[in-house]
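Notes follow the structure.
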Amino acid sequence: MDSKIIKYILVIILISFKASAIEFNGKFIQGHFIIGKTDSNSKVKVDKTQVRVSKDGYFVFGISRDRKYDLVIAIEKDGIIKKIIKKVQKRKYNIQKIDGLEEKKVTPPEEVYERIKKENKLIAKARAIDTDLDFFKDKFIIPVDNAIITGVYGSQRILNGKPKWPHYGLDFAQKEGTEIKAMLNGIVTLAETDLYYTGGTVIFDHGHGISTLYMHMKDVFVQKGQKIKQGDIIGTVGSTGRATGAHLDIRLNWLDIRLDPATALN
Ligand SMILES: [Zn+2]
């Protein structure tokens with residue numbers, strides 16, 4: 001073959017590679033937080049859901065705690081669709097069985113059902129916010145200094161034979177009143193001082209459906225709508241709501257999917 005033709009073919013191959021360039025920062029493991037980077041003006045679907053792509057090509061998604069089937073990412077640019085199929089690696093979670101508990105310790109009293117329902121709606125509404133902010137692509141920082149990790153993502157307790165809601169947070173035990181720093185720039189979408197389960201609670205929007213939640217806070221220093229910078233003091237550690245001892249429990253969500261905060265914090 002003529003060397004000119006070979007060069008021509010090489011250039012075509014290079015151009016077509018460039019057109020569908022994609023990188024992932026994160027692992028395809030249950031519970032993980034993953035940032036994608038592709039060319040600007042691309043359209044991205046994760047499974048069948050179209051996700052936001054920032055002007056500079058960033059998008060974000062996550063993998064649920066118990067996801068078993070493969071993840072399909074479709075990138076469309078200039079009418080060409082490239083499909084990437086990723087296997088999801090499974091994790092083992094800590095399951096703890098406790099029997100012989102008093103029934104009232106296992107189920108909340110009936111008179112608080114309405115309250116819990118109302119508060120769950122408030123939280124769900126804040127988590128459903130999907131804006132074009134792109135704070136999610138920055139590195140998270142640890143929210144409490146010198147804390148001990150006392151609870152991790154995914155663990156579950158089976159009380160008197162009833163499987164309880166898995167623990168989706170990361171717990172930082174520290175003295176009551178210790179300052180809590182914002183892990184990332186964000187906009188406050190919920191700031192409450194007394195929710196039944198979570199007590200003093202703050203939720204931030206970081207863009208593209210990524211939210212973080214801080215709970216059991218003693219003091220809440222921020223207000224809904226406020227723009228917060230990474231490292232700002234947003235409140236203090238407490239044991240408000242249904243908490244056993246002073247600790248900060250943080251959550252990371254991609255819309256209604258609960259992710260492991262440790263995968264964003266390293
Ligand atoms: Zn917790």
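Residues: numbered from 1 along the sequence shown. Whatever order the structure lists them in is the order used to number ligands and atoms, beginning at 1.
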Verify whether one side chain among Asp47 and Thr49 offers a donor that lies under 3.5 Å from an acceptor in the other.
no

Answer with yes or no whether the hydrophobic clustering places Ile35 together with Val46; edges join I, L, V, M, F, W, Y residues whose side-chain heavy atoms lie under 4.5 Å apart.
yes

Out of the N/O/S atoms in Asp171, what is the name of the one closest to the Zn ion (ligand 1)?
OD1

Of all N/O/S atoms in Asp249, the name of the one nearest the Zn ion (ligand 1):
OD2

N/O/S of His167 less than 2.8 Å from the Zn ion (ligand 1)?
yes

Would you say the side-chain atoms of Asn253 pair up with the backbone N or O of Leu255, donor to acceptor, closer than 3.5 Å?
no

The salt bridge (Lys or Arg N to Asp or Glu O under 4.0 Å) partners of Asp171 (sequence neighbours excluded) come to none

